[in-house]
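Right, one structure below, let's go through it.
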Amino acid sequence: MPGLPLILDCDPGVDDAVALLLALAAPEALDLLAITTVAGNVGGDLTARNACLIRELAGRPDIPVFAGQDRPLVRPPVAADHFHGASGLGDLPAGVPTQGPEIRPAVDYLISVLRDRPPGEVTIAVTGPMTNLAEAIRRAPDVVPRIRQVVAMGGARREGGNITASAEYNIHADPHAADIVVRAGLDLVLLGLDVTHQVAATEARRDRIARLRSPQSHAVRQLLAFSARTEAELGTGGPPPLHDPCVILWLLAPEIFTLRPCHLAVETESPLTLGHTAVEFRTSERLPANARWATSADSDAAFARIEALLERYG
Ligand code: BDR
Ligand code: CA
């Protein structure tokens, strides 16, 4: 059976880079049509460059990279380079890729691929702010029913926020985009901090990855070591969570996660709680289910799968 037609919309980003390497390790399961990038953790020129570097590291220069929106829909940009380093890739050597991104902007690509492909075929994985997808929906609402599913890393309920007291970074960085996506009537799966904090790269898990010998697993080891140092320096407490890889894990092994239908709403106005995700499990006619929210993850199974995927690089 051919793999799931997938577009990975990301802002690499240390954990986006790991997610990309995992997705590119499973071509029989995930038919990655393209990588689209967005400004987020670092600026848009850097996230596009980083995606090009990672596809080369994975030996997949054939996967097109489309650079997307370079600022959020409404609010001013908010970077997370304190978590990802100035280049966005921690302390990985980040040079100039052999091949840069395509000329066509990501939003144009998204609209045309969704119109060209049979309805219900293409899944979109989002591991950055939702600006590209929201802009595509805004310009071409006819694409919405053509999307099979959107699986996104974003939001927080039980865990509280990681960029403000109550907001998770991806949603906080473009709450108006997230609001458009949440209200669009999509099949939407959200993997927020409630689960990504459970999938933590402990020292023992990082050591197991360090035993793998490929350049790709070596890069993952370096990225995770950078994140571990950064989390310690910033005093966030505990080993680095693997946020974005959860999206790929869910696509490959959904049994790792427990999900609950919910009514999801995004705060777009309050300066105090901007980007907060209000997750209501008590759905009703007034508050119908519009998403599925991940509540728990089997972290041992998640890391077993991560190792197995990285082992494929040989
Ligand atoms: C999310 O924010 C970004 O900094 C990470 O790449 C991840 O997508 C976690 O809140
Ligand atoms: Ca990200």
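Side-chain atoms are counted along with the backbone in the values below, which use heavy atoms only and exclude waters and symmetry mates.
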Test of understanding: clusters of I, L, V, M, F, W, Y form through side-chain heavy atoms closer than 4.5 Å, transitively. Do Val279 and Val195 belong to the same one?
no
Which heavy-atom pair separates Pro119 from Arg146 by the least distance, and what is that distance?
CD-NH2, 3.7 Å
Quick test of your reading of the model: are Asp300 and Arg305 salt-bridged, counting only N-O distances below 4.0 Å?
no
Is there a side-chain contact between Val122 and Ile7 (heavy atoms, below 4.5 Å)?
yes
What distance do Glu231 atom CD and Leu234 atom CG have between them, rounded to the nearest 0.5 Å?
7.0 Å
Pairing residues for Ala200 by the side-chain contact (heavy atoms from CB on, under 4.5 Å) criterion, not counting sequence neighbours:
Pro239
Determine yes or no for a side-chain-to-main-chain donor-acceptor pair under 3.5 angstrom, with Glu159 supplying the side chain and Asp194 the backbone.
no
Check whether any side-chain heavy atom of Arg282 lies under 4.5 Å from a side-chain heavy atom of Leu287, and answer yes or no.
no
Between the side chains of Thr127 and Asp16, is a donor N or O closer than 3.5 angstrom to an acceptor N or O?
yes
Is the shortest distance from a Lys or Arg side-chain nitrogen in Arg71 or Asp174 to a carboxylate oxygen in the other one below 4.0 Å?
no
Any chance CD of Glu56 has more than 12 other-residue heavy atoms, nucleotides or ligands included, within less than 6.0 Å?
yes
Measure the shortest side-chain to side-chain distance between Arg49 and Pro101 over non-hydrogen atoms and say whether it is less than 4.5 angstrom.
no
Heavy-atom side-chain contact between Tyr169 and Asn41 under 4.5 Å
yes
Name all residues meeting the side-chain contact (heavy atoms from CB on, under 4.5 Å) criterion together with Pro175; count only those two or more places apart in sequence or in a different chain, and write none if there are none.
Arg75, Val266, Thr268, Leu274
Evaluation steps, side chain to side chain contact (heavy atoms under 4.5 Å, CB included), between Ser87 and Leu46:
CA-CA 7 Å; Ser87 78; Leu46 292 180; 5.6 Å; no
Are the side chain of Arg312 and the backbone of Ala25 linked by a donor-acceptor contact shorter than 3.5 Å?
yes
Can you find a heavy atom in the side chain of Glu307 that is under 4.5 Å from one in the side chain of Arg208?
yes
Looking at Asp179 and Arg183, is any side-chain nitrogen of the basic one under 4.0 Å from a carboxylate oxygen of the acidic one?
yes
Please step through side chain to side chain contact (heavy atoms under 4.5 Å, CB included) for the pair Thr283 and Phe281, ending with a clear verdict.
CA-CA 6 Å; Thr283 57; Phe281 293 127; over 6 Å; no
Ring-face cation contact, Tyr109 with Arg104, 6.0 Å cut, 45° max
no
Would Arg139 and Glu135 count as a salt bridge (charged side-chain N to carboxylate O under 4.0 Å, His left out) here? Give the steps.
CA-CA 6 Å; Arg139 279 195 224 162; Glu135 184 58 21; 3.0 Å; yes
Closest contact, heavy atoms only, Leu22 versus Pro245:
CD1-CB, 3.7 Å
Do Asp11 and Thr37 touch side chain to side chain, with heavy atoms closer than 4.5 Å?
no
How far does CG of Leu110 sit from CG of Asp9, to the nearest 0.5 angstrom?
6.5 Å
Main chain of Ala156, side chain of Thr277: is a donor-acceptor contact present, judged purely on distance under 3.5 Å?
yes
Report the C-alpha distance between Ile35 and Phe66 in whole Å, list the side-chain angles of each, state the deciding distance to 0.1 Å, and finish with yes or no for side chain to side chain contact (heavy atoms under 4.5 Å, CB included).
CA-CA 6 Å; Ile35 302 164; Phe66 295 90; over 6 Å; no
Treat each ILVMFWY residue as a node, draw an edge where side-chain heavy atoms are under 4.5 Å apart, and state whether Leu190 and Met153 are in one component.
no
Is there a path of hydrophobic side-chain contacts, each under 4.5 Å between heavy atoms of I, L, V, M, F, W or Y residues, that connects Ile171 with Ile163?
no
Go through the side-chain N and O atoms of Ser296 and Gln198 and say whether any donor and acceptor fall under 3.5 Å apart.
no
Hey, any chance Ile306 and Leu30 share a hydrophobic cluster, counting ILVMFWY side chains that come within less than 4.5 Å of each other, even indirectly?
yes
How about CD on Glu28, more than 12 heavy atoms from neighbouring residues, nucleotides or ligands closer than 6.0 Å, or not?
yes
Working to the nearest 0.5 Å, report the span between CG of Leu309 and CG of Leu21.
10.5 Å
In terms of hydrophobic clustering (I, L, V, M, F, W, Y; side-chain heavy atoms under 4.5 Å; direct or indirect links), are Leu242 and Leu24 co-clustered?
yes
Between His176 and Val74 (side chain of the first, backbone of the second, donor and acceptor by atom type, cut-off under 3.5 Å), is there such a pair?
no
For Arg148, does the CZ atom have more than 12 heavy-atom neighbours from other residues, nucleotides or ligands under 6.0 Å away?
no
Going from CD on Gln149 to CG on Leu4, what distance comes out if it is rounded to the nearest 0.5 angstrom?
8.5 Å
Value for CD1 (Ile147) from CZ (Arg117), rounded to nearest 0.5 Å, stands at 14.0 Å
State, with a plain yes or no, whether a side-chain heavy atom of Arg55 is found less than 4.5 Å away from one of Cys52.
yes
Measuring only between side-chain heavy atoms, which start at C-beta, is Thr47 closer than 4.5 Å to His84?
no
Quick check: are there more than 12 heavy atoms from other residues, nucleotides or ligands sitting under 6.0 Å from CZ of Arg158?
yes
Side chain to side chain donor-acceptor pair (under 3.5 Å) between Thr273 and Ser270: does it pass, once the steps are laid out?
CA-CA 5 Å; Thr273 58; Ser270 155; 3.1 Å; yes
Test side chain to side chain contact (heavy atoms under 4.5 Å, CB included) on Ile180 and Leu73; report intermediate values, then the result.
CA-CA 10 Å; Ile180 289 175; Leu73 294 185; 3.7 Å; yes
Can you see which heavy atom on Phe257 is nearest to which on Trp250, and at what distance?
CD1-CD1, 3.4 Å
Does a side chain donor of either Ser214 or Ser217 reach within less than 3.5 Å of an acceptor in the other side chain?
yes
To the nearest 0.5 Å, what is the distance between CD (Gln216) and CD1 (Ile54)?
10.0 Å
